[in-house]
There are 2 protein chains.
Amino acid sequence: MSFNSQPHASPPATGLPSQVVSFQSSRAGYLAPRIACNTCNMHELCMPVGMSFEEVEKLNELISVRKRVKRGAALYRSGEEFSALYAIRTGFFKTVVNAEDGHEQVTGFQMAAEVLGLDGINTNRHTCHAIALEDSDVCVVPFGKLEELAHDLPVFQRQIHRMMSREIVREHSVMLLLGSMRADARLAAFLIDMVQRLHSRGYSSHELVLRMTREEIGSFLGLKLETVSRMFSKFVEEGIIEVKQRHVVIVEPEALNAIVHHHP
Amino acid sequence: MSFNSQPHASPPATGLPSQVVSFQSSRAGYLAPRIACNTCNMHELCMPVGMSFEEVEKLNELISVRKRVKRGAALYRSGEEFSALYAIRTGFFKTVVNAEDGHEQVTGFQMAAEVLGLDGINTNRHTCHAIALEDSDVCVVPFGKLEELAHDLPVFQRQIHRMMSREIVREHSVMLLLGSMRADARLAAFLIDMVQRLHSRGYSSHELVLRMTREEIGSFLGLKLETVSRMFSKFVEEGIIEVKQRHVVIVEPEALNAIVHHHP
DNA sequence: CGACCGTTTGATAGTGCTCAATTCAAGTGG
DNA sequence: CCACTTGAATTGAGCACTATCAAACGGTCG
């Protein structure tokens, strides 16, 4: 099960160390006024297939604006007007929906090379918050211009359709998790998903640093934070993982898989 | 909360009686070989805004193929190649995802004027089953041709984007339900959603006939069928609804609303 | 160092699941 | 036409799982 199937089997992004996520990633010069899309380390997102030089130029123009979002700050909030999609360059986000009664729930966690904002297309207003869980920066992609570019590049248009379809399929997986798995299976699936997504970005395949609290994990998984904590402790007791605060080492990946697929 | 926000506030489809769903709807002549899109009773889906005569002609060509699906049969199945979207003309469907371990879960119920197949765009293969819960017929919309038409009609392109975004937002609502509501609130929300969607199609606003079993409702809501049945009984005892098999009358809509929004 | 936030752990209660028995509705065939 | 079959729905009893409430612990940062 994957909560965020990557676009194709994207190679690890350049410049990222093939090891565990570091708390403070150096980003000196990262926000220099002019970084072309073709030198961006997530360009597989924007340029799915062969694109001519002229086309790349258009793309450069399209997403020349970037934005920093401080940890804890919102990239956008529910109710705000929708104007652009956001491609995450570096950092980590959560998306949160809120019910009328004030109750909130995390609907997903997003990392580099993933896209935020698709929820706003429908009504031209965002329907969830996008909150940075660490200092992040994103490419701002004005949606009107994106549609123009897509119009000129059918293959790019298809890529946008695929991106939205992928999000729909991802949410199917989450629904399956929320509707049919028990607490231990939910957390196991969550850990597998996170480490896989990080691995595809060049990080370790068995080690990760969580960017969110137990409460946020619980909100996403439909559990209370105490239950999340208990499941972590259970996995540690069973020797399946090692946990030091938010640093998690997966010792027995197969055991995690078995828990996900084991039915009561 | 809505699990399937309609495209704008669409007027009731023509030809549908403004009363409870009938078990056997007459559809004599419905599948006559040539029914133009502009006489189709769900054309608000296809033609969001002013469209010229020529444009309507293109559209007619696009979706001239229709398909009947018998109750219990699959419109498509997970793993099958994706080639088209399907606009439901009449009938009722469920979509079902299946985990590797064989476990299945209903991810949604679809009725007339709603679209099936968006899950297949991503990988060119469907990732869920679409099963008819009653004899249905659908317009087959070849996706390649749809993209061509969208290319010629930017406003139509936008409509497709909105449709996909709407599905993403709908699934957020389901995640909220599955992640944070108790059994009674889930069923109450489900009933409200169903009756609202039917009402927007010209049916009663307080009475409905369910097309799915208790087990299918439970699968969608993340509950066991016995729990669904018990919640029905509870609502009946409390005088909120009346139930005769799959025929449901909502006596106290406000009470249902209160149950959805009431937090423990 | 102390305050605070996040996390862990324990005890208890509630909610929904499991297993099982009936009831009900709608066919089906003698 | 009625006994029989079948699938769906209801209802009950006991239990498993997760939430709740509460307390203690630990790391971080002013």
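The structure presented is a predicted model; accordingly, all values stated were derived computationally and were not measured. Residue numbers begin at 1 in each chain, while the letters A, B, ... track the order of the sequences.
We find that CE of A:Met231 is positioned 12 Å from C1' of D:dA19, with the value rounded to whole Å. Following rounding to the nearest Å, B:Arg246 (CZ) and D:dT10 (C1') show an atom-to-atom distance of 14 Å. Regarding A:Arg186, its CZ atom lies at a distance of 13 Å from the P atom of D:dC17, rounded to whole Å. The CZ-C1' distance, from B:Arg211 to D:dA8, rounds to 17 Å in whole Å. Residue B:Arg182 contributes atom CZ, which lies 17 Å from atom P of D:dT18 at whole-angstrom precision. Summarising the geometry, the separation between CZ on A:Arg214 and P on D:dA19 is reported as 16 Å, rounded to the nearest angstrom. For A:Phe232 and D:dG26, the CZ to P distance is 19 Å, given to the nearest whole Å. If you take CE of A:Met181 and P of D:dC17, they are 16 Å apart, rounded to a whole angstrom.
Judged purely by distance below 3.5 Å, without hydrogens or angles, the side chains of A:Gln110 and A:Thr95 pair a donor atom with an acceptor atom. Side-chain contact of A:Glu242 with A:His247: a donor-acceptor pair under 3.5 Å is absent, judged by distance alone. Checking B:His172 against A:Gln105 by side-chain atom types alone, no donor-acceptor pair falls below 3.5 Å. In the model, B:Glu81 has no side-chain atom that pairs as donor or acceptor with a side-chain atom of B:His126 under 3.5 Å. Defined by atom type and a distance below 3.5 Å, a donor-acceptor pair is present between the side-chain atoms of B:Asp119 and B:Tyr76.
Of all nucleotides in DNA chain C having an atom under 4.0 Å from a heavy atom of chain A, the first and last in 5' to 3' order are C:dG6 to C:dA11.
Across all strands shown, B:Thr213 has heavy atoms under 4.0 Å from sugar-phosphate atoms exclusively, and none from any base. Across all strands, B:Gly218 comes closer than 4.0 Å to no nucleic acid atom at all (heavy-atom distances). Counting non-hydrogen atoms under 4.0 angstrom, B:Leu225 reaches a base of the nucleic acid. Across all strands shown, B:Gln245 has heavy atoms under 4.0 Å from sugar-phosphate atoms exclusively, and none from any base.
Scanning atom types as modelled, one donor and one acceptor separated by under 3.5 angstrom connect the side chain of B:Arg230 and the base of D:dG12.
For B:Phe109 and B:Phe93, the gap between ring centers reaches or exceeds 6.0 Å.
At D:dT11, one or more side-chain N or O atoms of B:Ser233 fall inside 4.0 Å of OP1 or OP2 (strictly under the cut-off).
A donor-acceptor distance shorter than 3.5 angstrom exists from the side chain of A:Arg186 to the backbone of A:Met181, with no hydrogens or angles considered.
Side chain of B:Glu226, nearest nucleotide from D:dT11, D:dT18, D:dA8: D:dT11.
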